[in-house]
Engineer: 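Pasting a structure here, questions to come.
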Amino acid sequence: KAGVTQTPRYLIKTRGQQVTLSCSPISGHRSVSWYQQTPGQGLQFLFEYFSETQRNKGNFPGRFSGRQFSNSRSEMNVSTLELGDSALYLCASSIRIGGSYNEQFFGPGTRLTVL
Amino acid sequence: AQSVTQPDIHITVSEGASLELRCNYSYGATPYLFWYVQSPGQGLQLLLKYFSGDTLVQGIKGFEAEFKRSQSSFNLRKPSVHWSDAAEYFCAVGTSGTYKYIFGTGTRLKVLA
């Protein structure tokens, strides 16, 4: 079974631009979460989507948004990029079966550099 | 609020030596606990998880972890480290009803030949 895939793997943008990152979860997984990883702040939760609805949101400004499609694929958008948005953005998927808790599996990440 | 503490930022061990990475969590109820490993430039790979039951859990690559409720700890162990284990290790806690993981700051493991 294929793992979580993220595209693109690397991105270079300039301040003020916007960017869209894509995540395809493991087949059959319905929950997708996004995390930002930086050397200074570590791994921080951005948001989780399940059944095309945002279920949880981390403490990030409104410039960070996401969505999930009916096939469970998810996109994350960052508008008006700032230098501090340079990070590794990780996507994780979980089967999220009701009534039980399930682990998340992570993709390889998208490395975003803002110049 | 939930939190995870990994007190050791860097650990260096010799190949073949035993390893213990520490993790302490703060959460009011029984948490869901995880250890992940990250190689440079890569995503996170799940080593093992604790949801309930036996407090000693076995994972991949010969790793194990023990949940100690009284100490709010979930330490990762390996009896004999291999050079390929050099990586960064993250402890994480998940809470019921949410898939928002709280991660520790990570422990970077260096293995000496």
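Below, chains carry the letters A, B, ... as their sequence lines are ordered, and counting in each starts from 1. These values consider heavy atoms only, across backbone and side chains, with no hydrogens, waters or symmetry-generated copies. Keep in mind that this is a model prediction, so the values were computed, not measured.
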Engineer: Under 4.5 Å heavy-atom distance to chain A, tell me which part of B/Tyr101 shows up: side chain, backbone, both or neither.
Structural biologist: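 Looking at B/Tyr101, backbone and side chain both touch chain A.
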
Engineer: Write out, in numerical order, the residues from residues 108-115 of chain A with a heavy atom short of 4.5 Å from a heavy atom in chain B.
Structural biologist: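 So the qualifying residues are A/Pro108.
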
Engineer: State plainly whether one hydrophobic cluster holds both A/Val19 and A/Leu90, where clusters connect Ile, Leu, Val, Met, Phe, Trp and Tyr through side-chain heavy atoms under 4.5 angstrom apart.
Structural biologist: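 Different hydrophobic clusters.
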
Engineer: Spell out, yes or no, whether B/Val37 and B/Phe103 are grouped together once hydrophobic residues are joined by side-chain heavy atoms under 4.5 Å, including indirect joins.
Structural biologist: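 Looking at the clustering, B/Phe103 is in a separate group from B/Val37.
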
Engineer: What part of B/Lys49 gets within 4.5 angstrom of chain A, counting heavy atoms only: side chain, backbone, both, or neither?
Structural biologist: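 When you check distances to chain A, only side chain atoms of B/Lys49 fall under 4.5 Å.
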
Engineer: In Å, rounded to the nearest 0.5 Å, how long is the span from CD of B/Gln42 to CZ of A/Phe106?
Structural biologist: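 Answer for the CD-CZ pair, B/Gln42 versus A/Phe106, is 14.5 Å.
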
Engineer: Quick check: under 4.5 Å, non-hydrogen atoms only, which of residues 41-59 of chain A neighbour chain B?
Structural biologist: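 Expected list: A/Leu43, A/Phe45, A/Glu48, A/Asn56.
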
Engineer: Does B/Tyr89 share a hydrophobic cluster with B/Val81, counting links as ILVMFWY side-chain heavy atoms below 4.5 Å and allowing steps through other members?
Structural biologist: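 Yes; B/Val81 is reachable from B/Tyr89 via cluster members.
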
Engineer: Please flag which part of B/Tyr99 lies under 4.5 Å from any non-hydrogen atom of chain A: side chain, backbone, both or neither.
Structural biologist: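 Contact with chain A is through both the backbone and side chain of B/Tyr99.
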
Engineer: Using non-hydrogen atoms and a 4.5 Å limit, figure out which bit of B/Gln45 sits close to chain A: side chain, backbone, both or neither.
Structural biologist: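 Nothing of B/Gln45, per the 4.5 Å heavy-atom cut-off to chain A.
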
Engineer: With side chain to side chain contact (heavy atoms under 4.5 Å, CB included) as the test, would you mind laying out the steps for A/Glu103 and B/Phe51 before giving the verdict?
Structural biologist: CA-CA 9 Å; A/Glu103 63 269 38; B/Phe51 286 176; 4.1 Å; yes

Engineer: Which region of B/Leu46, side chain (C-beta onward) or backbone (N, CA, C, O), has a non-hydrogen atom less than 4.5 Å from a non-hydrogen atom of chain A, or is it both or neither?
Structural biologist: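 Contact with chain A: side chain only.
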
Engineer: Got a sec: does the CZ of A/Arg15 have more than 12 other heavy atoms crowding it under 6.0 Å?
Structural biologist: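 No, the 6.0 Å shell around CZ holds no more than 12 heavy atoms from other groups.
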
Engineer: According to a 4.5 Å side-chain heavy-atom criterion applied to Ile, Leu, Val, Met, Phe, Trp and Tyr, with indirect links allowed, do A/Leu81 and A/Phe60 form part of one hydrophobic cluster?
Structural biologist: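 Yes, because A/Leu81 and A/Phe60 connect within a single hydrophobic cluster, where side-chain heavy atoms sit under 4.5 Å apart.
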
Engineer: Do B/Phe63 and B/Leu44 land in one hydrophobic cluster if side-chain heavy atoms of ILVMFWY residues count as linked below 4.5 Å?
Structural biologist: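 No, no single cluster joins them.
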
